[in-house]
Amino acid sequence: MTTRTPFIAGNWKMNLDHLQSIAFVQKLAWSLKDAKLDYGTVEVAIFPPFTDLRSVQTLISADKLPLKFGGQDVSAHDSGAYTGEISGAFLKALDCEYVIIGHSERRTLHHETDEKLAAKVAAAITHGLVPVLCVGETAEDLEKHGPSAVPVAQLRGALASVKTGANIVVAYEPVWAIGSGQAATPAQAEQVAAQLRATLAEIIGEEAASATRILYGGSVKAVNIAGFMREANVDGALVGGASLDLAEFSSIAQFQKHVGT
Ligand code: PGA
């Protein structure tokens with residue numbers, strides 16, 4: 001059986017400017033150092049706004065901090081006349097390891113379709129970035145189609161051109177749970193994560209599917225993280241609101257202290 005390193009990711013969305021990002025990352029690193037977090041057993045990543053990335057990169061590299069980071073979106077294009085877009089090549093040049101693709105806010109507010117997201121996933125992989133692909137159903141989808149039909153269809157759509165063995169992270173984020181304070185139950189998250197893993201096996205092969213981290217996202221907090229992490233197919237969390245609260249996010253990263261209690 002493949003062992004998957006748990007992954008705790010903070011999606012800052014459009015919060016914290018570059019100066020605030022430096023202060024936050026410094027304090028987060030101190031907090032996790034004080035807590036003696038073993039980074040061999042959990043990967044901690046932050047996804048700040050694009051304008052913070054250079055500052056975050058400089059700090060992490062200068063202080064040799066064991067934190068990972070990435071962008072919140074990427075262009076499907078490499079370069080050219082695409083005003084406002086950011087190329088995967090630029091993110092890679094800033095040492096980003098990951099990039100979030102297909103967050104529900106991008107799907108809804110920017111009308112990002114499965115085809116568009118497939119092109120973004122391909123661009124990320126071309127530039128050596130690991131896509132953190134977000135999928136999830138609305139409350140209406142849940143009522144109409146049940147829990148996993150929409151996330152599974154979104155997964156197939158966005159991974160249409162991905163090859164066997166691809167290195168990706170998948171985040172299951174039910175839209176009704178994002179920012180609502182009403183998280184899915186661990187059993188609900190596990191049910192969909194298991195379906196996503198089975199689908200991944202068809203797309204990227206058994207071996208890569210069993211190595212893929214599947215995260216849960218949607219109102220994750222320090223008080224509920226342990227329940228999700230106990231599930232067999234849930235390997236981490238994509239945290240929005242709580243990732244902006246230093247004590248909360250630090251505590252979520254230390255989920256091992258809560259699991260088993
Ligand atoms: P939330 O957001 O933790 O604030 O619900 C999660 C996300 O949007 O990734």
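In this text the structure is predicted, and so the values were computed from the model without any measurement. These values consider heavy atoms only, across backbone and side chains, with no hydrogens, waters or symmetry-generated copies.
- Contact annotation: the side chain of Ile86 never approaches that of Asp73 to less than 4.5 Å [non-hydrogen atoms, C-beta and beyond].
- Formation of a donor-acceptor pair under 3.5 Å by the Asn224 side chain with backbone atoms of Ser219 is found in this model.
- Separation of atoms NE2 (His127) and CG (Leu91) is listed at 9.0 Å; rounding is to 0.5 Å.
- Under the 4.5 Å side-chain criterion, counting only non-hydrogen atoms from C-beta, His111 is not in contact with Lys116.
- Side chains of Met229 and His258 form no contact here, defined as non-hydrogen atoms less than 4.5 Å apart.
- For the pair Cys96 and Leu53, the minimum side-chain heavy-atom distance is below 4.5 Å.
- Using modelled atom types, one side-chain atom of Asp17 and one backbone atom of Leu19 make a donor-acceptor pair closer than 3.5 Å.
- One hydrophobic cluster holds both Ile22 and Ile60 under the rule that ILVMFWY side chains link at heavy-atom gaps under 4.5 Å.
- Heavy atoms of other residues, nucleotides or ligands lying less than 6.0 angstrom from CD of Glu97 number more than 12.
- Closest approach of Ser75 and Ala123 over heavy atoms only: O-CB, 3.6 Å.
- The backbone N or O of Gly136 lies less than 3.5 Å from a partner atom in the side chain of Gln154, making a donor-acceptor pair.
- Under a hydrophobic-cluster definition in which Ile, Leu, Val, Met, Phe, Trp and Tyr are linked whenever side-chain heavy atoms come within less than 4.5 Å, directly or via other members, Val56 and Val44 are assigned to the same cluster.
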Going through the checks in order, is the side-chain hydrogen bond (donor to acceptor under 3.5 Å, both in side chains) test met by Ser250 and Gln254? CA-CA 6 Å; Ser250 173; Gln254 299 169 57; 3.0 Å; yes

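- Note that CZ of Arg197 is 7.5 Å distant from OG of Ser210, once rounded to the nearest 0.5 Å.
- The closest side-chain heavy-atom distance from Pro147 to Gln191 is below 4.5 Å.
- At least one donor-acceptor pair closer than 3.5 Å links the side chain of Gln72 to the backbone N or O of Phe47.
- With contacts defined as side-chain heavy-atom distances shorter than 4.5 Å, the pair Leu238/Ile100 qualifies.
- Here the shortest heavy-atom pairing between Trp176 and Ala139 reads CD1-N, 3.6 Å.
- Nearest heavy atoms, Leu16 versus Asp52: O-OD2, 2.8 Å.
- Side chain of Arg213 to backbone of Val132: no donor-acceptor contact under 3.5 angstrom is found.
- Atoms CG and CG, on Leu196 and Asn233 in that order, are 9.0 Å from each other to the nearest 0.5 Å.
- Contact check on Asp114 versus Arg107 returns a salt bridge, with a Lys/Arg side-chain nitrogen under 4.0 Å from an Asp/Glu carboxylate oxygen.
- Counting all heavy atoms, side chain and backbone alike, Thr212 lies closest to Arg4 at O-CD, 3.2 Å.
- Interatomic distance, OG of Ser21 versus CG of Leu59, reported as 8.0 Å (0.5 Å rounding).
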Working for side-chain hydrogen bond (donor to acceptor under 3.5 Å, both in side chains), residues Thr138 and Asp141: CA-CA 5 Å; Thr138 61; Asp141 293 332; 3.1 Å; yes

Between Glu190 and Val234, is a side-chain contact (heavy atoms from CB on, under 4.5 Å) present by the stated rule, with each step listed? CA-CA 6 Å; Glu190 170 62 18; Val234 179; 4.0 Å; yes

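- The side chain to side chain donor-acceptor pair (under 3.5 Å) check on Tyr172 picks up Glu137, with sequence neighbours excluded.
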Tyr216/Val192 under side-chain contact (heavy atoms from CB on, under 4.5 Å): CA gap, chis, key distance, verdict: CA-CA 10 Å; Tyr216 166 75; Val192 179; over 6 Å; no

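- Within the 3.5 Å criterion, the main-chain N or O of Ile214 finds a donor-acceptor partner in the side chain of Asp235.
- Within the 3.5 Å criterion, the main-chain N or O of Ala247 finds no donor-acceptor partner in the side chain of Ser251.
- A continuous path of hydrophobic side-chain contacts links Leu28 to Phe255 [ILVMFWY only; heavy atoms under 4.5 Å].
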Stepwise ring-ring contact (aromatic ring centres under 6.0 Å, His included) check, Phe24 with Phe249: CA-CA 11 Å; Phe24 190 95; Phe249 191 60; 7.1 Å; no

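- Side-chain contact between Glu105 and Ile178: present, with at least one pair of heavy atoms (C-beta onward) separated by less than 4.5 Å.
- Side-chain contact between Asp63 and Val25 is absent, with no heavy atoms from C-beta onward closer than 4.5 Å.
- Residues Leu67 and Val130 are members of separate hydrophobic clusters, defined by side-chain heavy-atom contacts under 4.5 angstrom among Ile, Leu, Val, Met, Phe, Trp and Tyr.
- Pairing each heavy atom of Val74 with each of Ile101, the nearest pair is CG1-CD1, 3.9 Å.
- Taking CD1 from Ile225 and CD1 from Ile8, the interatomic distance works out to 4.0 Å, rounded to the nearest 0.5 Å.
- Note on Ile252: it clusters hydrophobically with Leu65, by side-chain heavy-atom contacts below 4.5 Å among ILVMFWY residues.
- Atom CD of Glu206 has 12 or fewer heavy atoms from other residues, nucleotides or ligands within 6.0 Å.
- Nearest heavy-atom pair across Ala177 and Ala184 is CB-N, 4.1 Å.
- Side-chain atoms of Ser31 never come within 3.5 Å of backbone atoms of Lys27 as a donor-acceptor pair (strictly under, hydrogens ignored).
- To the nearest 0.5 Å, the span separating OG1 on Thr108 from CD on Glu112 amounts to 10.0 Å.
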